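Just so it is clear, the model here is predicted, and its values are computed rather than measured. Residue numbers run from 1 in the order of the sequence given.
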Amino acid sequence: MTKFNDQLAQVQGPEWLTAKRKESLELFTTLDVPQESVEAWKYTRVDVDFDALRPHGKRDVVTDVSALPQSVQDRLTGTDVGAFLVLDGPDVVYRTELPAELTAKGVIFTDLKTAVEQHADKVQQYLYSVVPAEVPDDTTIAAPGTTPSKSPDPSEGKFSALAAALWTNGAFVYVPRGVEVELPLGSFRVMSDAGTYTATRTLVVAEENAQVTFIDEQDSEALPGTYAIGAVELVVKDAARVRYVSIQNWGEGVTHIQRQRGDVGRDATLNSLVVTMGGTLSRTEMQSYLRGQGSNSEMLALYFANRDQHFDHYTLQHHAAPNAYSDLLYKGVNNDSSVGVFSGMIKVDLGAQKTDAYQKHRTLMLSSDARNFSVPQLEINANDVRCSHGSTTSPVDQEALFFLRSRGIAREVAEKMLVTAFLEDVLGRVPLKSVVKYIEGIIAKKVGAA
């Protein structure tokens, strides 16, 4: 791993950050790539030659939207974000500024590299606090004399350790106490250098009674042998509200590995939406740590895998305090010879009474050659709770398809209608019309009805 040390030596930053990067890289070198023997990675294997990895090339700032990738230009014409960043590989190539009234209220929205330089106190306080280099020990707190769940296998932190050590940039959002940001903020991440890797990081902090929505989009053309490794840290203080949306639409050949985790305070709410459409292999972890009493987490996701795509989603709803509520709804579509994986866990700690937690995973199979693996799980250590989980996998309704085709509707359009209807109860819970419209457009392309 000498070359990773060389890359780290080229990264500038304060002493505290350099020390943390070095510590993370040392951890990375001690860990194995997670294998199928690790329960959380049972159905997914990442074949990566770290010695052959090279960082994504540098990119220059552009001054006009017309110089951005066409996919970003198309999105900017239909998005309703109030301010945004565009990152190509490791560099911010375009940005818009926050409205002056938000800046006057103390809201900060910039790239993470700039935030380290200009807002070091805030970044140092929160960076790595929710997604550390190592995999968080989410062992359930159980009653004395009972056996709690096993700690995660250390290898599960292999990629998050690399991201912690070598992240080059990302987004930083800070909303002070009592401030509400009405329009969403967003970042558009693209890659344009095949056979490379990028490591990015998103840090969103909402102080007490604050409110913000952040949309994180990823897009590229086909890029064989390319890796996108990332971490997302969501700090939701008491009575705050954060909505986080991740839309992954990388091109063919991209391997996407990202850990997203929220730390939710007393009477606070975290709404998350994970959309997985692109890349060849995608592994996304979404975790909510319900730290505060009365905290609330809504976890939504949808995915559509076709050709040989392999999509793996790992979720955790960890109830550490009483009177907290969590609701997970993941819906996916598998076509051709694709593979879908869902592994979800609800953990309820000792003392987390009055927990109300739900987990539901549904998969629609459009092809007999596609495969789906679903592992919903519960671990409950309190005796006054309401928890449920369930999973279903089913083929497309042939009668409904026949009905639509008998009305003169082409097969591709009919399948798009059925797929969109299947995903509607997720999309219907997303109050961001431009995001929903964009997702429906991707679905149409997937079934050839665009």
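With a 4.5 Å cut-off on side-chain heavy atoms, T315 and Q287 do not count as touching. The side-chain heavy atoms of V212 and V173, taken from C-beta on, include a pair separated by under 4.5 Å. Counting heavy atoms from C-beta outward, V175 and K237 have side chains that stay 4.5 Å or more apart. You'll find the side chain of Q7 reaches within 4.5 Å of the side chain of P55, heavy atoms only. Side-chain atoms of V181 and K105, non-hydrogen and from C-beta on, never get closer than 4.5 Å to each other. With contacts defined as side-chain heavy-atom distances shorter than 4.5 Å, the pair L76/V72 qualifies. Taking the side chain as every heavy atom from C-beta outward, D425 and L329 approach each other to under 4.5 Å. Between V92 and V86 the shortest side-chain heavy-atom distance does not fall below 4.5 Å.
Other residues, nucleotides and ligands contribute at most 12 non-hydrogen atoms within 6.0 Å of the CD1 atom of I141. For E101, the CD atom counts as densely surrounded, since its 6.0 Å shell holds more than 12 non-hydrogen atoms of other residues, nucleotides or ligands. Within a 6.0 Å sphere centred on CZ of R371, other residues, nucleotides and ligands contribute 12 heavy atoms or fewer. By the 6.0 Å contact criterion, CD on E36 is enclosed, its count of non-hydrogen atoms from other residues, nucleotides or ligands being greater than 12.
Taking the ring centroids of H318 and Y289, they lie under the 6.0 Å cut-off. Taking the six-membered ring for Trp and the full ring otherwise, the centers of F28 and F4 sit less than 6.0 Å from each other. Aromatic pair F188/F84: centroids less than 6.0 angstrom apart.
Side-chain atoms of R259 do not come within 3.5 Å of backbone N or O of A231 as any donor-acceptor pair. Side chain of K158 to backbone of T29: no donor-acceptor contact under 3.5 angstrom is found. Formation of a donor-acceptor pair under 3.5 Å by the T140 side chain with backbone atoms of V348 is not found in this model. Side-chain atoms of Q317 come within 3.5 Å of backbone atoms of Y358 as a donor-acceptor pair (strictly under, hydrogens ignored). Between the T146 side chain and the A143 main chain, a donor and an acceptor come within less than 3.5 Å of each other. Distance alone, capped at 3.5 Å, is enough to place a donor-acceptor pair between the S338 side chain and the A305 backbone. No donor-acceptor pair under 3.5 Å is formed between the side chain of T420 and the backbone N or O of M417. When atom types are taken as modelled, the side chain of N334 and the backbone of M365 share no donor-acceptor pair closer than 3.5 angstrom. For E233 (side chain) and Y128 (main-chain N/O), a donor-acceptor pair under 3.5 Å exists by modelled atom type. Within the 3.5 Å criterion, the main-chain N or O of L112 finds no donor-acceptor partner in the side chain of H119.
Side chain to side chain, Q353 and N323 fail the donor-acceptor criterion of an N or O pair below 3.5 Å. A donor-acceptor contact closer than 3.5 angstrom is absent between the side chains of N335 and S367. For the residue pair D369/S337, the side-chain donor-acceptor check at 3.5 Å is not satisfied. For the residue pair T276/H313, the side-chain donor-acceptor check at 3.5 Å is satisfied. A side-chain N or O of D153 and one of S155 form a donor-acceptor pair less than 3.5 Å apart. Side-chain contact, S297 with S326: no donor N or O sits under 3.5 Å from an acceptor N or O. Between the side chains of Q309 and K446, at least one donor N or O lies within less than 3.5 Å of an accepting N or O. Judged by distance alone, the side chains of E207 and Y174 do bring a donor and an acceptor atom under 3.5 Å apart.
Under 4.0 Å is where a charged nitrogen must lie from a carboxylate oxygen, and between K347 and E379 at least one such pair does. A salt bridge is defined here as a Lys NZ or Arg NE, NH1 or NH2 lying under 4.0 Å from an Asp or Glu carboxylate O, and K354 with D356 fails to meet this definition. With respect to the salt-bridge test (charged N to carboxylate O, under 4.0 angstrom), the residues R189 and D216 qualify. Taking 4.0 Å as the cut-off between side-chain N and carboxylate O, R283 and E285 count as a salt-bridged pair. Salt-bridge formation is not detected for the pair R201/D111: no Lys NZ or Arg NE/NH1/NH2 atom is positioned less than 4.0 Å from an Asp or Glu carboxylate oxygen. Salt bridge present: E298 and R429 bring a charged side-chain N and a carboxylate O closer than 4.0 Å. Classification of D327 and K360 as a salt-bridged pair fails, no side-chain N sitting under 4.0 Å from a carboxylate O. Salt-bridge check for K20 with E23: passed, with a basic side-chain N closer than 4.0 Å to an acidic carboxylate O.
Between N296 atom CG and L270 atom CG the span is 9.0 Å, to the nearest 0.5 Å. To the nearest 0.5 angstrom, F159 atom CZ is 4.0 Å from I257 atom CD1. For the atom pair S343 OG and M345 CE, the distance stands at 7.5 Å (nearest 0.5 Å). In this structure, CD in Q118 is found 9.0 Å from CD1 in I108, a value given to the nearest 0.5 Å. We find the CG-OG distance between D263 and S129 to be 7.0 Å, quoted to the nearest 0.5 Å. Note that CG of L87 is 6.5 Å distant from OG of S187, once rounded to the nearest 0.5 Å.
Listed here is the closest heavy atom pair of S151 and T139: OG-OG1, 3.1 Å. The minimum heavy-atom distance linking E399 with D397 is given by the pair N-OD1, 3.0 Å. Between A352 and A320 the shortest heavy-atom distance is CB-C, 4.2 Å. Across every non-hydrogen atom of L350 and A142, the tightest pair is CD2-O, 3.7 Å. In terms of heavy-atom proximity, S220 sits nearest to V254 at OG-CG2, 4.0 Å. In terms of heavy atoms, C387 sits closest to L378 at CB-CD2, 4.3 Å.
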Check against side-chain hydrogen bond (donor to acceptor under 3.5 Å, both in side chains), H361 and T363: CA-CA 7 Å; H361 175 234; T363 307; 3.3 Å; yes

Show, in sequence, the C-alpha distance, side-chain angles and deciding distance for T44 and H310, and conclude whether the side-chain hydrogen bond (donor to acceptor under 3.5 Å, both in side chains) test is met. CA-CA 8 Å; T44 299; H310 183 116; 2.9 Å; yes

Trace of the side-chain contact (heavy atoms from CB on, under 4.5 Å) decision for V123 with W16: CA-CA 11 Å; V123 176; W16 67 266; 4.1 Å; yes

Under the side-chain contact (heavy atoms from CB on, under 4.5 Å) criterion, do N271 and M299 qualify, and how do the steps go? CA-CA 6 Å; N271 302 92; M299 302 168 68; over 6 Å; no

Residues Y303, Q248; criterion side-chain hydrogen bond (donor to acceptor under 3.5 Å, both in side chains); working and verdict: CA-CA 9 Å; Y303 62 87; Q248 188 272 96; over 6 Å; no

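A cation-pi arrangement is found for R75 relative to Y438, the charged atom lying closer than 6.0 Å to the ring centre and inside a 45° cone about the ring normal.
Exactly one of V245, L234, T202 qualifies for a side chain to side chain contact (heavy atoms under 4.5 Å, CB included) with F214. That residue is T202.
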